[in-house]
Amino acid sequence: MIYKSGIFSIVLCLLSVQVCAEDVVRIQPSQSLDNTSYQYYVDLLQLVLDTTSDEFGPAHIVTLESSLSQSRGFVMLKNKQLDVYWAGTSVERERDYLAVTVPLVGGLLGNRVPVIARNRLSEFAKITTAEELQKMVACQGSQWPDSDILEYNGYRIERVISFSLMYTMLEQQRCDYFPRGINEAFAGVGTQGHEALMVYDNIILRYPLPMYFFVNKHNQPLAKRLTQGLLQLLANGKLGEFIMHHPTTTSIFPLSRFQDSRILLLYNPILPANFFEREYNHWIDFPKE
C-alpha cells in the first residue's frame, strides 16, 4: 500500500512538474556582508511564499553558494538555475523575463542618497545644484540600471563590478560618493568597518526605478503566486508594516525627516513604455521636491 502510494505521488509530480518544483525557490546569495538590504528581500520573499501557502502549497527558499553579478544572475534565471531574482527594472529586463510589477519597497528605491566620507562633509554641504554634483565621481554597480540613468543625466560614474569594493573605493577616495537607495543606505553604513562613512541625506537624487521580483519567462505559476501574495500583503497593510519595521529599513521612518532635503530630479530613459500606467508604482508617499 505504501509502495502504491509512493508511485501515485510520483505520477502526480510528473503530471504537474511546475507545482512540485515550486516547493523550492532558488535565489542568489548576498554579494557581500556590506549588502545589508539583501536580507530584506529574502525575508519579504519568504513572507510572500508563506502568505500564499494555502493556495499554492508550502515553499522554502534555497540560496545558491556562489556570488553572482546582476548579468550572471539574469542568465541563470533564463537557464532555470534560479527561480527568483530581484533587481531594478528596465525595458530589456521586462522583455526577457516576467516582472512582478509591485515595487518591493513601495517606490522608495529611486530616491538615492550619497554615501560619503565623513571628512568631506563640509565639501558636500556647499553643493546646491546638480551641476556641482556632476563634477564629482560616483561609484556605482557596473551592471546596475542606476549607472545608465546617472550617466544619461550627465553624472560622472565609476562602474564597479564588486559591491564591497565600492565602499573600499569610497574610503580610499577613489570616488567621491556612492549613491544608495534611501531604503539601503543607512543600514549599509551602519555595518562594522564603515565608521569613516556617513549618509549625506541633504541631497536626494530622484528617478523612477522600482525593484521587482523577476522570474523565468515561462514560469507563469510562480509569477502568479508572487503577484497574488504581494497584492494581498499590500491590501491588508502588512507590506507597509514590513517596510516600516524591517531592521534594514526602519531607521528611515518617518519620511518627513527628509522634507528639507534638496531633491535633484533625473530622467530614467530605460523605463518600460507603460510604466506610468501601472497602478502600484509609488504607494509610499515621499516628501515632494
Side-chain angles (χ1 to χ4, degrees), residues 27-42 64 66-77 82 84-94 96-97 99 103-105 108-117 133-134 136-189 191 193-194 197 199-200 203-214 248-249 264 266-271:
I27 64 170
Q28 76 270 29
S30 177
Q31 290 184 325
S32 77
L33 294 176
D34 300 311
N35 187 12
T36 54
S37 62
Y38 171 83
Q39 194 60 45
Y40 172 92
Y41 298 107
V42 176
L64 301 188
S66 300
S67 181
L68 308 173
S69 65
Q70 281 204 2
S71 61
R72 178 59 181 161
F74 275 109
V75 168
M76 293 183 70
L77 190 62
L82 281 177
V84 176
Y85 195 80
W86 54 85
T89 197
S90 69
V91 174
E92 180 181 6
R93 289 174 177 179
E94 293 197 21
D96 297 336
Y97 306 91
L104 303 180
V105 285
L108 295 179
L109 181 69
N111 293 283
R112 316 291 288 196
V113 288
V115 175
I116 66 172
L133 187 60
Q134 287 167 345
M136 296 189 171
V137 178
C139 279
Q140 197 73 169
S142 61
Q143 299 159 5
W144 296 0
D146 307 88
S147 293
D148 298 328
I149 296 167
L150 288 164
E151 285 183 340
Y152 182 90
N153 285 272
Y155 290 83
R156 297 172 62 192
I157 301 298
E158 180 70 31
R159 291 179 180 256
V160 185
I161 188 66
S162 168
F163 184 91
S164 59
L165 184 57
M166 284 182 267
Y167 283 113
T168 301
M169 291 177 65
L170 186 58
E171 290 163 343
Q172 296 175 351
Q173 300 198 20
R174 293 162 61 190
C175 60
D176 299 306
Y177 65 108
F178 178 14
R180 296 287 283 144
I182 207 160
N183 56 295
E184 305 166 327
F186 293 92
V189 168
T191 57
H194 295 319
L197 303 179
V199 178
Y200 184 70
I203 292 177
I204 296 175
L205 295 163
R206 174 177 292 173
Y207 46 87
L209 181 66
M211 179 76 84
Y212 290 153
F213 284 139
F214 287 88
T248 61
T249 50
L264 304 177
L266 283 70
Y267 175 72
N268 182 349
I270 58 175
L271 279 179

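The model shown is predicted, which means the values in this text are computed figures rather than measured ones. Note: hydrogens, waters and symmetry copies are ignored here, and every other heavy atom, side chains too, is used.
- With sequence neighbours excluded, no residue forms a ring pair (Phe, Tyr, Trp, His ring centres under 6.0 Å) with Y207.
- For the residue pair R180 and A185, the shortest heavy atom distance occurs at CB-CB, 3.7 Å.
- For F178, the ring pair (Phe, Tyr, Trp, His ring centres under 6.0 Å) criterion is met by Y167, not counting sequence neighbours.
- Counting all heavy atoms, side chain and backbone alike, P208 lies closest to N268 at O-ND2, 2.6 Å.
- Residues meeting the ring pair (Phe, Tyr, Trp, His ring centres under 6.0 Å) test with W144, sequence neighbours left out: none.
- Pairing each heavy atom of A99 with each of Y212, the nearest pair is CB-CD1, 3.9 Å.
- Scanning all heavy atoms of the two residues, the minimum distance from V115 to V189 falls at CG1-CG2, 3.6 Å.
- Proximity of D146 to P179: side-chain heavy atoms (C-beta onward) are nowhere separated by under 4.5 Å.
- Partners of R174 according to the salt bridge (charged side-chain N to carboxylate O under 4.0 Å, His left out) rule, which considers only residues two or more places apart in sequence or in another chain, do not exist here.
- Nearest heavy atoms, G88 versus R93: O-NH1, 2.7 Å.
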Check your understanding: Can you list the steps and then say if I270 with Y152 is a side chain to side chain contact (heavy atoms under 4.5 Å, CB included)?
Key -> CA-CA 10 Å; I270 58 175; Y152 182 90; over 6 Å; no
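- S69 pairs by the side-chain contact (heavy atoms from CB on, under 4.5 Å) definition with S71, R72, Q143, I161, not counting sequence neighbours.
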Check your understanding: Would M76 and L64 satisfy side chain to side chain contact (heavy atoms under 4.5 Å, CB included), going step by step from the backbone distance to the final call?
Key -> CA-CA 11 Å; M76 293 183 70; L64 301 188; 3.5 Å; yes
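- Here the side chains of Y41 and V84 are not in contact, with every heavy-atom distance at 4.5 Å or above.
- At a threshold of 4.5 Å between non-hydrogen side-chain atoms, the residues L205 and N153 do not count as touching.
- In this structure, the separation between OG1 on T89 and CG on L209 is 7.5 Å, given to the nearest 0.5 Å.
- Note on ring orientation: taking the six-membered ring where Trp is involved, the planes of W86 and F213 are perpendicular (angle over 60°, cut-offs 30° and 60°).
- Remark: E171 pairs with no residue by the salt bridge (charged side-chain N to carboxylate O under 4.0 Å, His left out) rule, at least two apart or across chains.
- Side chain of E184 to main chain of L109: no donor-acceptor pair is present (N/O by atom type, distance under 3.5 Å, no hydrogens or angles).
- Taking the side chain to side chain donor-acceptor pair (under 3.5 Å) definition, one finds that S30 meets it with nothing, sequence neighbours left out.
- Interatomic distance, CG of L271 versus CD1 of I149, reported as 7.0 Å (0.5 Å rounding).
- Atom CG of L77 sits about 9.5 Å away from atom CD of Q28, to the nearest 0.5 Å.
- Under the 4.5 Å side-chain criterion, counting only non-hydrogen atoms from C-beta, Y177 is in contact with L133.
- For F214, the ring pair (Phe, Tyr, Trp, His ring centres under 6.0 Å) partners are F74, not counting sequence neighbours.
- Partners of E94 under the salt bridge (charged side-chain N to carboxylate O under 4.0 Å, His left out) rule, at least two apart in sequence or in another chain, are R278.
- With hydrogens and angles ignored, the 3.5 Å screen pairs a side-chain donor or acceptor of R159 with a backbone N or O of S142.
- The CG atom of L170 sits 11.0 Å away from atom CG of L165, with the distance rounded to the nearest 0.5 Å.
- For S37, the side chain to side chain donor-acceptor pair (under 3.5 Å) partners at least two apart in sequence or on another chain are N35.
- The two atoms that bring T36 and T248 nearest to each other are O-CG2, 3.2 Å, heavy atoms only.
- The closest donor-acceptor contact from the side chain of N111 to the backbone of R206 lies at 3.5 Å or more, if one exists at all.
- Here Q140 pairs with nothing under the side chain to side chain donor-acceptor pair (under 3.5 Å) rule; sequence neighbours left out.
- Distance check: Q134 CD to L150 CG gives 10.0 Å after rounding to the nearest 0.5 Å.
- The distance from atom CZ of R112 to atom CD1 of I182, rounded to the nearest 0.5 Å, is 10.5 Å.
- Not counting sequence neighbours, T249 has no partner by the side chain to side chain donor-acceptor pair (under 3.5 Å) test.
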